[in-house]
Amino acid sequence: CQPHTSHPLFSKLGCSPCRTLPPSPPPSPPPPRPTTSTQVATLQPATSPTRPPTSLPTRVPTFSPTHSPTRHPTAVPTTMYPTSLTYNPTPTMTSFGTFGTVIPTISFTTSSSFFFLTSTPTMSLSEPQDSPTTYPTVDDCPTRVAPPASVDAPPVFPALNSIPQYACPYPNEGPLTIPPDNTFMRLKRSSPNFLCSLIRISSNSNNEQTIVPVARSYNGNGWEKVAGAFTNIIIEKNAGERDYLIRVPTLSNNAFYLIIGSEREISATEEVARFLEQTTFGVTRSMIKEWNNKLSDLPNAFGQWVQDQMSLSTTPLSSHRKYYRKRASERIFLSMAEGQPFHPCAQYSRWSRYSLFKSEVKKVLAVEGVHPGPYLIIMDGKPRTMVDNFDVKDLGTVKIPGDYLLCDVEEYVGGKVVINVEGACRDLLGGNPPVDFYMGIVPGTMFSFPTWRKANFEVITSYKKDSLIHLGDIRDSTCDNASVDDAYPSFIQFGDGDWLLYDPRIVLKENTPEMPLPQGGGKERLMMGSLCANVPRTFMNERECVLSNDAGTCAAWREGAESVGGAGTMVCGSINEVANDPTVRIGFKFDVEFSARHALQTTKYSTWFMIALYEKDQLRQRMAWALSQILAVSPGAVGRAWAS
């Protein structure tokens, strides 16, 4: 009792004034087993009433009532207290379970009914990674006036007049140092346009200081915790006042608390940035510029922005399928079920300065010629380029003529090319050769351009300078005789001697509800063996479905039903089945035979990220992300069908 009589918590815990306990009588036999109407509850205080409290772990187990005194605490979260207690002044020394501390067991007897009391472990705050500091608890009382109605009440603070009060200093006043023994403090909330920070500063043996934020109050708001090492501090609003009660850990000798104030009035543009940071996946300068004519009435502008984000007519739904299809740019050499390649004479056709493609890995590269060169490189039985030497690392000149399997290719002039020589993949010296023909050798399909027409070709990106896109189309009699399946390889020779190789990319056609494919894709089905593009009529596309009178129309596939087309067939488009855009410089791979599965997986990730970051319906993206935190789904949880 004596060590705690001066502590402010002592009177608040329901403790009666200290008194001298009567001498303990000789040990008495255990009390008889109580009947139904008389039961015994056992309380085990944290410390002896006549000795200072012992430091215990921060979590103290709760106890369950039994029909007889119990020697070991149990882990039941609810303790039963009798409504009428009789104090038995004979303590019995009991082992405190696994903690090894010998403490007295005090028995209380009741002759009335029980009521339930939820017990909360005693919390001890300390500086992170330091030993805990204990405070007086209910069980430190030598006697109890009455058991509390609940120990789930908020943390108890000392009397308000004993807690020092601090106001945030102005910037020109410098920081305010808190005395090291002040673990309780009353802090006034900040003023408008003002930030008040409570921080901890500690020093190591090299006198290097570390600053850690503890709590903050800004722009007139109340004090709040901040993320980090001090999330276990206790903050309570002082009822009816503008200040807050804060309980912080005791610090070591080389650390102390500071209160720092800073003042700054944010501009209307910064208010917009703050709003967009909360409602989008990231604010950009271009997004802020859209608000320049709304800065005079931001509250209404914020509300209108939210309404516009919710309106489908103002902000259409973004679509992963639409985003992906528009940017699909797979390299294909022949028509297939998924689509057909661009024609080399069409606008926005692709061309390259290098002669070997990554998609040709695992194909056979043939070399012809006579030492010491030049040599002709042949792919798929057709000339691709000419080189002056054909040496590999560590071996020099290889057997020529010869056939070699391509192991790896980097797509730029001089990029790494690896071929299989004598059972091992080896680097080809000189790398990916540029397209070049001489000594009278003329490749199959060739267009001759004057040098000035180079201006019609643009580099794809700054890091793909050897890949180009033709902004115009080619009007040449050769184009009339070249089909998309026979056009590869095609070459362009300029007047200055430079060469380009045609880089065929897939064409995806539009088949949306607003613009369905004629005949439901029947023509493409006959020409390329593709699946019928016609889809069943649903509530999502029925308004735009049309009746086709063409005999070549294919019917929508239905499970369990035979697809019968022809004249009189309903043709409906599919939601977001848009055409790909050939002007997109860096495109996604398409799921055809040349695509690696890991590339397809990366495409899915890229699509999701780009939509989340840049599409217009940003508020929907943030809401979808918030909902995904409630219902989390991972590929491992739903299966890996994409990999099979």
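All heavy atoms count here, side chains included; hydrogens, waters and symmetry mates do not.
Partners of Glu277 according to the salt bridge (Lys or Arg N to Asp or Glu O under 4.0 Å) rule, which considers only residues two or more places apart in sequence or in another chain, do not exist here.
Side-chain contact check for Lys289 versus Asn292: some heavy-atom pair is nearer than 4.5 Å. Residues Val248 and Leu198 are in side-chain contact: their nearest non-hydrogen atoms beyond the backbone lie under 4.5 Å apart. Side-chain contact between Leu245 and Phe184 is absent, with no heavy-atom pair separated by less than 4.5 Å. Between Pro513 and Ile575 the shortest side-chain heavy-atom distance falls below 4.5 Å. Contact of the Cys554 side chain with the Thr569 side chain is not registered, since no non-hydrogen atoms from C-beta on lie closer than 4.5 Å. Met570 places none of its side-chain heavy atoms less than 4.5 Å from the side chain of Val546. In this structure, the side chains of Tyr488 and Pro341 stay at 4.5 Å or more apart for every pair of heavy atoms. Lys464 places a side-chain heavy atom less than 4.5 Å from the side chain of Glu411.
Between Ile460 atom CD1 and Trp351 atom CH2 the span is 13.0 Å, to the nearest 0.5 Å. Taken to the nearest 0.5 Å, the CH2 atom of Trp499 stands 13.0 Å off from the OG atom of Ser355. Taking CD1 of Ile246 as the reference point, atom OG1 of Thr183 lies at 12.0 Å (rounded to 0.5 Å). Residue Ile163 holds its CD1 atom at 10.0 Å from CE of Met185, rounded to the nearest 0.5 Å. Rounding to the nearest 0.5 Å places CD of Glu271 at 12.0 Å from CD1 of Ile288. Atom CG in Leu613 sits 7.5 Å away from atom CZ in Phe281 (nearest 0.5 Å).
Ionic pairing of Asp243 and Lys237 is not present here: no N-O contact between side-chain nitrogen and carboxylate oxygen is shorter than 4.0 angstrom. For the pair Arg264 and Glu270, the salt-bridge criterion is met [side-chain N within less than 4.0 Å of a carboxylate O]. The pair Glu290-Lys616 meets the salt-bridge criterion, with a side-chain N (NZ, NE, NH1 or NH2) lying under 4.0 Å from an Asp/Glu carboxylate O.
Using a 30° and 60° split on the angle between ring planes, Phe457 and Phe494 fall in the perpendicular class, above 60°. Using cut-offs of 30° and 60° on the angle between ring planes, the pair Trp291 and Trp305 is tilted.
The environment of CG in Asn207 is sparse: at most 12 heavy-atom neighbours from other residues, nucleotides or ligands sit within 6.0 Å. Atom CZ of Phe449 has more than 12 heavy atoms from other residues, nucleotides or ligands within 6.0 Å. Atom CD of Glu514 is surrounded by more than 12 heavy atoms from other residues, nucleotides or ligands within 6.0 Å. For NZ of Lys454, the number of neighbouring non-hydrogen atoms (other residues, nucleotides, ligands) closer than 6.0 Å is greater than 12. Crowding of Met287 atom CE: a count of heavy atoms from other residues, nucleotides or ligands under 6.0 Å exceeding 12. Counting non-hydrogen atoms of neighbouring residues, nucleotides and ligands closer than 6.0 angstrom, the NZ atom of Lys322 reaches no more than 12 such neighbours.
Remark: the Ser352 side chain and the Asp503 side chain contain no N/O donor-acceptor pair separated by less than 3.5 Å. Residues Thr269 and Ser267 have side chains that never bring a donor and an acceptor to within less than 3.5 angstrom of each other. Side chain to side chain, Ser574 and Arg321 meet the donor-acceptor criterion of an N or O pair below 3.5 Å. For the residue pair Thr553/Ser548, the side-chain donor-acceptor check at 3.5 Å is satisfied. Side chain to side chain, Thr279 and Gln309 fail the donor-acceptor criterion of an N or O pair below 3.5 Å.
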side-chain contact (heavy atoms from CB on, under 4.5 Å) between Ser197 and Leu195, intermediate numbers included: CA-CA 7 Å; Ser197 302; Leu195 169 65; 3.8 Å; yes

Full working for side-chain contact (heavy atoms from CB on, under 4.5 Å) between Tyr166 and Asn182: CA-CA 11 Å; Tyr166 304 99; Asn182 282 5; 2.5 Å; yes

Candidate pair Ile178 and Phe256, rule side-chain contact (heavy atoms from CB on, under 4.5 Å), full reasoning: CA-CA 7 Å; Ile178 305 299; Phe256 57 93; over 6 Å; no

Phe157 vs Arg186, side-chain contact (heavy atoms from CB on, under 4.5 Å): CA-CA, chis, key distance, verdict: CA-CA 11 Å; Phe157 285 85; Arg186 294 171 61 188; over 6 Å; no

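Side-chain atoms of Gln307 never come within 3.5 Å of backbone atoms of Gly303 as a donor-acceptor pair (strictly under, hydrogens ignored). No donor-acceptor pair under 3.5 Å is formed between the side chain of Glu510 and the backbone N or O of Ala579. Panel note: side chain Arg453, backbone Ser448; no donor-acceptor pair is recorded below 3.5 Å. Using modelled atom types, no side-chain atom of Ser203 and backbone atom of Glu208 make a donor-acceptor pair closer than 3.5 Å. For Asn534 (side chain) and Cys572 (main-chain N/O), a donor-acceptor pair under 3.5 Å exists by modelled atom type. Asn456 places no side-chain N or O within donor-acceptor distance of the main-chain N or O of Asp473, the cut-off being under 3.5 Å. Checking side-chain atoms of Asn511 against main-chain N and O of Glu577 turns up no donor-acceptor pair under 3.5 Å. Side-chain atoms of Asp581 never come within 3.5 Å of backbone atoms of Lys326 as a donor-acceptor pair (strictly under, hydrogens ignored). In terms of modelled atom types and a separation under 3.5 Å, the side chain of Arg325 and the main chain of Val578 share a donor-acceptor contact. No donor-acceptor pair closer than 3.5 Å links the side chain of Asp466 to the backbone N or O of Tyr354.
Of all the heavy atoms in Tyr348 and Pro582, the pair that sits closest is CB-CB, 3.7 Å. Of all the heavy atoms in Ser329 and Arg350, the pair that sits closest is OG-NH2, 3.9 Å. For Leu468 against Leu500, the heavy-atom pair with the smallest separation is CD1-CD2, 3.9 Å. Contact between Ala273 and Val283 at its shortest, heavy atoms only, is O-CG1, 4.2 Å. Heavy-atom minimum distance, Cys345 versus Phe447: SG-CZ, 3.8 Å. Gln621 and Ile611 get closest at one heavy-atom pair: NE2-CG2, 3.6 Å.
The cationic group of Arg331 lies under 6.0 Å from the six-membered ring centre of Phe357 and within 45° of the ring axis, placing it in a cation-pi geometry.
Between Trp608 and Tyr323, the distance separating the two ring centers is not shorter than 6.0 angstrom.
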